[in-house]
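Each remark here refers to the structure printed beneath this line.
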Amino acid sequence: MPYRFGSFLLTQEKGLFDAGEQVALEPRPFDLLCYLLENRDRIVTKDELIDHIWDGRIVSEAALSTQVRAVRRALSDDRVQQKYVRTHPKRGFQFVAPVDLIDDTECDVVTQDRPPAGKQHSIFVMACVLATISIAAIGVWWIGENGSADLGTTPKLSIAVMPFDNLSGDPNQDYFADAFTEDLITDLSRIRDAFVIARRTSFTYKGKATDVRTVAAELGVRYVLEGSVRRSGDQVRINAQLIDGQTNSHVWSDRFDRKLTDVFSVQDDVTGQIASVLKAELREADLQRQGPPESLEAWDYALQGNVLLFNPKSLKDFQDAAVLLKKALGLDPDIAPAWSGLAFVHFVASLRPIPGISVPNSKNLSLEAAQKAVSLDPKNAEGHWMIGVGYARNGQVEQAWPSCETAMALNPNNDCAYVCAGLTKMAMGHPSEAVPYFQRSLRLNPRFRPFTKYKYMGLAYLHSGQDAQAIDVLNRAIAGSPKDPLANFGLTAALALTDRVEDARAALAKSLTLAYSDKTTISTLRGSHSWMGPGFERVLKGLRLAGLPEG
């Protein structure tokens, strides 16, 4: 029978109406709403909903969260009010508003002259398709008319997202604008055939007056996205504009006013419209991001913690990030980005001493946290690459490579996924195959801590016997980070292996002053770095020639 609740009327034959006006709702969220109404006397579990809506197929909970958000948007509901659909953490969902069953006569009066739900959906889809084609056609025309100049090596579908400005008047809200920028970069990175500059490079422009043409030229991209975020109470206003970096002309701009709980849909809107203008296709957009968590306070802590990890300046940033991420998980243990952020903290803590964090099993804690992130959100590329390096760090190299491949497939513009691939290739004993992955990572993210990528690339050259190239690249790494002990030990070995023994001895003396331990020997380095693959024995051979004792 038809259902009436609030100002809404729902009939399975004709669809959802609000005060007599048809409400457009896609088939899956419509099916979900009907099922919740039919079972409104109880809590419906997530597994039951997934089984009903997807006919037993295996999908992530993020997919279900997307459908629930669609229902709430259609009902003008939100996660705070929950007037119609209530979330029961760890249990499921329930339709909670008072419901009246009405007869077909009253239903016919309300829905008179309205097309059936299926036909209405077809009209809605056709309108969307035509709109998308129109926008894409305009984009193709615009690019064709204005893109005749020689682009050199700049990919046509290439973009840099500048850090969105915080217009809230409160510097403590910077993290919110930064987190929004990060999510946009992640979403745009999934556009097929697009080249997207990584977040850490984009954030080197934060707070600086920049010229769009200069940014585009420096980063080798065609488009630049700029914007601002103003957060006031539970309201958010977001402005975004896409600019052609060669002509300095606007391609697209829009403004979004939403409730804080609906900020995820703004990201979808911005990404989708840019994708249309660039004549690109999004990969399974409804499955790519885990839905907002049960606790907005927990989500806030997770944002703050991960923003600190965008570009950590000191060990204190890792310590502070760990505190914030653990607070988030204490309030809501199902936040995937908090687990992947914690995995990164523990991974770094396994490589260098971080007071209060580093423990003997840091590498295991990192792998476990990454696995938890992926179990909560299988489309989380950050979690997958952390699993990859986690397995490599633990000597389980055969298990590492599939996770690196998954991370690169989920987000082909994630520079860390390529670092994961390079380190894993080294650990597998294929250092020459690792070099292109480090090179790709540098291309994607040229301004954020390039010395780390040069360090690993230099070690890959050294592992594969290309000592001259190793010296050149490791010198670049040390120029960016003079006190990095591993880069200095690597350079020492390369100098010794090319018969520059005196230079190697001087480099060894410097390296020992930078080492994390005052008892560094061949034996201790083998114990801490043999996970990097059999090629590390060449590093030890060079260090032995330079005079490092066996231990």
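Since this is a predicted model, take the numbers as computed values, not measurements.
- With Q319 contributing its side chain and P355 its backbone, the two residues share a donor-acceptor pair below 3.5 Å.
- Residues S202 and T181 form no side-chain contact, since every pair of their non-hydrogen atoms from C-beta on lies 4.5 Å or further apart.
- Put simply, the side chain of K363 does not reach to within 4.5 Å of the side chain of S366, judged on heavy atoms.
- No side-chain heavy atom of T452 sits less than 4.5 Å from a side-chain heavy atom of V419.
- You'll find the side chain of I159 stays beyond 4.5 Å of the side chain of I197, heavy atoms only.
- L459 approaches G490 most closely through the heavy-atom pair CD2-CA, 4.2 Å.
- At least one side-chain heavy atom of Y391 sits less than 4.5 Å from a side-chain heavy atom of I387.
- Judged by distance alone, the side chains of R393 and S350 do bring a donor and an acceptor atom under 3.5 Å apart.
- Summarising the geometry, atom NE2 belonging to H430 is positioned 12.5 Å from atom OG belonging to S464; distances are rounded to the nearest 0.5 Å.
- Panel note: side chain S441, backbone Y437; no donor-acceptor pair is recorded below 3.5 Å.
- At least one side-chain heavy atom of M532 sits less than 4.5 Å from a side-chain heavy atom of H463.
- Side-chain contact between F489 and L514 is absent, with no heavy atoms from C-beta onward closer than 4.5 Å.
- Within the 4.5 Å cutoff, side-chain heavy atoms of F318 are placed close to those of L309.
- A distance of 5.5 Å separates CD1 in I478 from NZ in K510, rounded to the nearest 0.5 Å.
- One side chain, S168 or N166, offers a donor N or O that lies under 3.5 Å from an acceptor on the other.
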